[in-house]
Every structure is written in structure tokens, then in C-alpha cells.
2 protein chains.
Amino acid sequence: MPARLKDIAEDLNLSVVTISKVLRDHPDISRETRERVLKRMKELNYRPNLAARALVTGRSYIAGLVVPDLVHPFFGQVAKGLSNGLRKKGYSLVLSSSEDDPALERQEIELLLARRVDVLIVASTQSSVETFHRLEEQKIPYVLIDRRFHGLAANFVGVDDAAVGELATAHLMDAGCRRIAHIGGPNVSTALGRVAGFRRALQAGGMAVAPEYVEMREHGDDAGAASGYKAMQRMLALSPPPDGVFCYNDPTAMGAMKAVLEAGLRVPQDVAVAGCGNVAYAEFLRVPLTSVDQQSGAIGERTARMALALLEKGAPPRPKTVLLSPKLVVRASTLRPRR
Amino acid sequence: MPARLKDIAEDLNLSVVTISKVLRDHPDISRETRERVLKRMKELNYRPNLAARALVTGRSYIAGLVVPDLVHPFFGQVAKGLSNGLRKKGYSLVLSSSEDDPALERQEIELLLARRVDVLIVASTQSSVETFHRLEEQKIPYVLIDRRFHGLAANFVGVDDAAVGELATAHLMDAGCRRIAHIGGPNVSTALGRVAGFRRALQAGGMAVAPEYVEMREHGDDAGAASGYKAMQRMLALSPPPDGVFCYNDPTAMGAMKAVLEAGLRVPQDVAVAGCGNVAYAEFLRVPLTSVDQQSGAIGERTARMALALLEKGAPPRPKTVLLSPKLVVRASTLRPRR
DNA sequence: GGAGAAAACGGAAACTGTATCGGTGACTGA
DNA sequence: TCAGTCACCGATACAGTTTCCGTTTTCTCC
């Protein structure tokens, strides 16, 4: 059994209150007693029972994180940044994976609430905002990351998805592509934002958006590669086929690239490929992949900052939005000679 | 404020004890009261305060996981498998990243202990076993994963690292390589096991182990690619250079491959390359990479099983070891015509 | 009708820590 | 000498739940 305040108190003929005060650096303890107590604490290697503390203070010093998929490097990076940011203030991170299942996500959120987490951070797969309205009723501070909801005024940290789409598409146009396609993702804000940026960039460049060049696919991120592969195969059968494609994310882009190469075409000469996410290994791919960096580390860090601010300063009158600017990382998959 | 047992009790003119019993499906409650209580719980959407419960039962229903790096896909997969396995029994996972820093790891373990986690799961970066002896003194159940310690009898789940080395090396020999090199990792059990397997396979095949063909590198996993790149460059300057290389992990292999290609040599014809980890994108690399699968998903799942067994059945008299068999996944990077 | 048992419920302590407020003794200053 | 102040410490009352044991009521059966 681990030592308790009471044990130390008895050993030293003091009251638990005194020990507790030492623990919390309360001023009205003499230097002498403080040292005796600290010494004894060390000997017993005492650790306060945080569950007990949470019970009385009403603060658990736990943040809950719910992500759709831990294996996705993006969420891994976010979790890392978050964990590092929170650690400094003594917060722990409890992690839930929703497996891209809205029902499971709700259930996990319930569990986290039962644990009385101080703040909730979620990359949601919900299609409705009801869950979050409930959180607001109960005044649970929460931060949405990556994906957000139209019409829900919530604290949010993520990348500017429209800018992602614009950036990649403009770059493809710049690289000389004339028939630019898009392979998109499921029906969440990220995918919608990116395709919107894609359209906007094409229009700004005076190019039409051919409907057959746009395909939005419902898939988990893990199936991205297979999904991109199939979509690209279909597009290559068109005549004329696209000569550039912007993909919702990097796995999708990898699948698309595979389809292009298998069809006997070259990347980037025949079809230029750009992705999003800037995965660590983008450089080592078949053809090194041009990708839009989502700033995942920064998202984690900014989210930690926002979460801590919520806890320390209370909820701001108007929820804050942090929109990070994406950065284009150009590699061989779009590097083709200008003509 | 969330509802408490007391609130429900007062509303219904019952005692908290009764409500608590309903909550835990205790038999001695009439069907009628049970239903009244459940109804009221639903109305208030009551959730038991798990911190309070933990305090009295002494069980937090929390498992602590400490990994060196969340971004590494291996640990992401383990965390996912673990989280899924534990969820079924109502356990949550609190996550700490040690950033490959032994001191930080110890500190995080302390924090988890203060939270009174029921079980600790750690992929340790410690060089000494002292931390774990302390855990044993305090009778904290724990499971080591991935990396273990010579001379420490602890519950362990991981892959058979010697088999990893043997499998990859034997395969390279089989592919006709005559001068096989190894680029190894830092001084932890995984790297040591793999190099041991490497040596054993060579000896079993009647080949000598040239010291200049073996390089063990201290690096975090993130720096793996850079590290593999440098090591390979050095080896290619030897005469004769190796014609096959088994790398500690996939990032290292990617770096090595880059060095080979930059030197104007071909993979696999001039140098065959094998890695370990079987990362999701191995198929899409410059040359699709042959890799030994570490069974990361299975590790997570088996660890969850073992952790739950520890909690339900108590610690077994002798710690158990689960050694998973690695599987070789052959791709183009070692596929060369037999002569 | 009364013993005994079963069913349904509740009182009180316990878990470990924190907050609040009050108390004690020593010293100050007039 | 005595009120006032300060430094230090402790009694008590929680926080929300479980557990142990006890009580009350009803039922069964001879």
C-alpha cells in the first residue's frame, strides 16, 4: 500500500492538515516542520492520491482526447504535441479511439465525462452537433480539432482546409497542368474544405471544374490508398484523362500514384500528383510526393495552449478559432519542366 | 454540476445506498424501485463519479501506457490495439510519451502511480531495471512491451527479435546475397536481439560476420532515416561493399535505400535491402520494401489480454512472456533473380 | 399465531485528501 | 499588563461512492 498523508502525520505527530499544507506549499508552515515533513515524504516516497484530490477539488487534471484513428500519423502527432503541452502543467491525457464510429465516439465521450476530465478534445466523426450541445449545457470545456461543424460556435484548432485545396491546386496549375482532378474524402469538414479550395483555385485561374474529375469517397483513412487507387483508375479511363490530381490525403495520393504508374504513365510528366498531410516518408516514396503540410505538431501544441487557457481563464465569451496556415512542400511528384 | 447519487436519492425518497445498488446491479432491489431509479438516472443523465468510486474501491479502471514516441507507427498501432482491448472491460488508457528520455519516463511513471492506475504498460527506454524493481516492491502490476531487460523477470509482450534478425538475414542469403551487412539500432533489447539473430543466421549459413559490415547506431526512431543513410554511405565506400543489408527498422532501411540509389546502384540487383516494422506504406516506397512484420496490432491485443488477466486473476507466480513470431513480407527490395 | 427466512432497504464508516475557520502561544507596543 | 498581531498548527466538515451490517416488512409453513 502506498503511503498516505495520515501515515506521515502519525509518524511525525502532526495533523494531516499540516502535511497537506506542506504538500501544497501553503505559507503557514515553519521551515523546520516543512523540512521534517518533506524528509519523511521522501523516505516513504509519498505520492498524493490524485483521485482523492480530484474528488475534493473537483479538478481531475486530466484531459480527454478522442480521435478517429490512432494509427493515422496525423493524430499521432497531434497526441504527441498535446501530451507535451499538457504535461508541463501536470495534466495527463486519456486517450480514446473512436474507430471512425460516431456511436462509439459518443460512448467514449460519456466515459470521459464519468471520469470528470477537466477538458475534452475531440476530432469528431459525428454528423450531428447534438453531442456538443450537450457538452455546452453541462458547461464542459471542449476543443474541436481538425474537423469542425458548420453552425456550431466552438473552440477549434485546425488547418485552413480551403487554403490547403487552393495551395495544392494553384501549384498544380503552376506546374502546367491543364486538366486537374480531385480525389476527395468522406463527408467531413476537412474534405469539404479542401474540395472547396480546389474549386476556388480552378475558378480563380479561369479553369472549369469538370464533374467527372472530382470524386469524393467515403472511407476510413486506412483504406485511403486502396480508395485512391480505384478512383484514379477510373479517371485514367476518361478521355482525356487528367494531367494532375490533388488528393485529399497522402495515402490516397499514394494509391493514385500507383494507379498512374501501373497504367504505364509517368509521374509527374503525364500526371502530377499532390497530397496532403506531408507524412514523414513522403520523401521516400516511389516518386517523392508533393504534399501540403497540415501542421500537425502545431495543432497539438496550440490545442494544448487553448485547453489550458480554458481551464485557467474559463471559457471566453466567444469561442476562439485557431486556423493554421498550411505549407506546401514541393517534391518530385509535381516537379515537371515548364513549357 | 453533474448529478450525484444523493440527488437521485432525495428526489425519490430513497437512500444513496439503494441507488448505488441499482447502479451495480445488486440483487436486493425490487424491480419497481430499480425502474424508478433508472428512469430518474436517465432524466438527469447521471454518470457515476469514477474518481469517487476509485477512491473507495481502490481500483481506478485506468491503465497507464508509456511509450517512447507516439508518432512512430508501431506504438500508434500498439496503443490502438490496447485501447480497443481494454475498452471492452471499461478501462481507459492514459497515455504518456517519454520522448526517449529515461528521466522523463521515470517521471511519467511516477505521475501514473499517483493516479493509482491499475496496471502499467511500458515500452521502456531505461537502461537500468531499478524503476521496475520499485514497481515490484509496491506490487504494481506492469507489463513490458517491445523492449525488455536481461535478468528482469517481468511480464512481457513482444516479438521474437532474434527470429526477426534470422528471418530477414536468411532471406537475404536465400536471395543470393554474399556480403550481408546490418545497420542496427540503439542499445535496447530489440536492437540487440535483431543483431544477434543476424549473426546467428550468418553463422548457420556458414558465412563470416565482417565487423565493418555491422553498425549499431544510437538514435531516436525519428532520426532513423538519416541514420540509415549515413551508415549505408559509409558501407558503400568499403571494398567490396555489401550486396545486402538488413536494417533495424524501416525508416533506417529507407535511408539506406536512398544512399544506395544515390550512389548510382540498383536495389535489389546491387544491394538488397530488408527492414523491420512493415510500415503501412512499405509497398509504396521508391522500391517496395521487404520488411519483417512486428505484429504490432497483435502486441497491443495480447498486451490488453495480459493486463486484464493480471487485474482479474492477480499476478501469476511466474511472470509470463508472450513472444510473437515475426512474419517476413517480401517485396521488390530483395526480389532478385536467383543465379 | 408464531418462528424463521427471505426480500427490500438504510445507517454509518471508510477511502484520501482539501478548505475553512478557529485556536494557541509568542511577541509588540503603549 | 493587556489588547493586538503574527506565525503556526489542528478540528471539523466535506467530496461521491462502496461496503458491512443491521433493520423492517412481508411471506411461508407448520
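Just so we're on the same page: letters track the sequence lines, and every chain starts at 1. Predicted model only: the values in this text are computed from it and were never measured.
- Contact annotation for Ile29(A): backbone-only contact, meaning every heavy-atom pair under 4.0 Å involves sugar-phosphate atoms and none involves a base.
- Five base pairs at each end of the helix from dG1(C)-dC30(D) to dA30(C)-dT1(D) define two local axes, and these are offset by 50° (rounded to 10°).
- dG11(C) atom C1' lies 15 Å from atom CG of Leu5(B), rounded to whole Å.
- Here the nucleotide nearest the side chain of Arg4(B), chosen from dT18(C), dC9(C), dT17(D), is dT17(D).
- Here Ser20(B) reaches the OP1 or OP2 of dT18(D): one of its side-chain N or O atoms lies under 4.0 Å away.
- Between the CG atom of Leu50(B) and the C1' atom of dT17(D) there is a distance of 10 Å, given to the nearest Å.
- Across all strands shown, Asp28(A) has heavy atoms under 4.0 Å from base atoms, whether or not it also approaches the sugar-phosphate.
- Spacing between atom CZ of Arg116(B) and atom P of dT16(C) amounts to 8 Å, rounded to whole angstrom units.
- Within 3.5 Å, a donor on the side chain of Lys21(A) pairs with an acceptor on the base of dG10(D), or the reverse.
- The side chain of Ser15(B) sits closest to dG11(C) out of dC8(D), dT18(D), dG11(C).
- Checked against dA11(D), dC9(C), dT17(D), the side chain of Val17(A) finds its nearest nucleotide in dA11(D).
- Under the 3.5 Å distance criterion, the side-chain polar atoms of Thr33(B) are left unmatched by any main-chain donor or acceptor of Ile29(B).
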### Task
Evaluate side-chain contact (heavy atoms from CB on, under 4.5 Å) for Leu112(A) paired with Val66(A), printing each intermediate quantity in order.
CA-CA 9 Å; Leu112(A) 292 172; Val66(A) 184; 3.6 Å; yes
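- In this structure, of dC9(C), dG17(C), dA19(C), it is dG17(C) that holds the atom nearest to the side chain of Arg53(A).
- Among the atoms of the strands shown, only primed sugar atoms or phosphate atoms (P, OP1, OP2) are found under 4.0 Å from some heavy atom of Ser30(A).
- Sorted by first and then second residue, the salt bridge (Lys or Arg N to Asp or Glu O under 4.0 Å) pairs with a member in residues 105-114 of chain A read Glu108(A)-Arg87(B), Glu110(A)-Arg134(A), Glu110(A)-Arg47(B); sequence neighbours excluded.
- For Ala52(B), the side-chain atoms get nearest to dT17(D) when compared with the rest of dT18(C), dT17(D), dT16(C).
- Arg24(B) comes within 4.0 angstrom of a base, heavy atoms only.
- A side-chain hydrogen bond (donor to acceptor under 3.5 Å, both in side chains) check over residues 112-122 of chain A, counting only residues at least two apart or in different chains, returns the pairs Ser60(A)-Asp118(A), Arg115(A)-Ser92(B).
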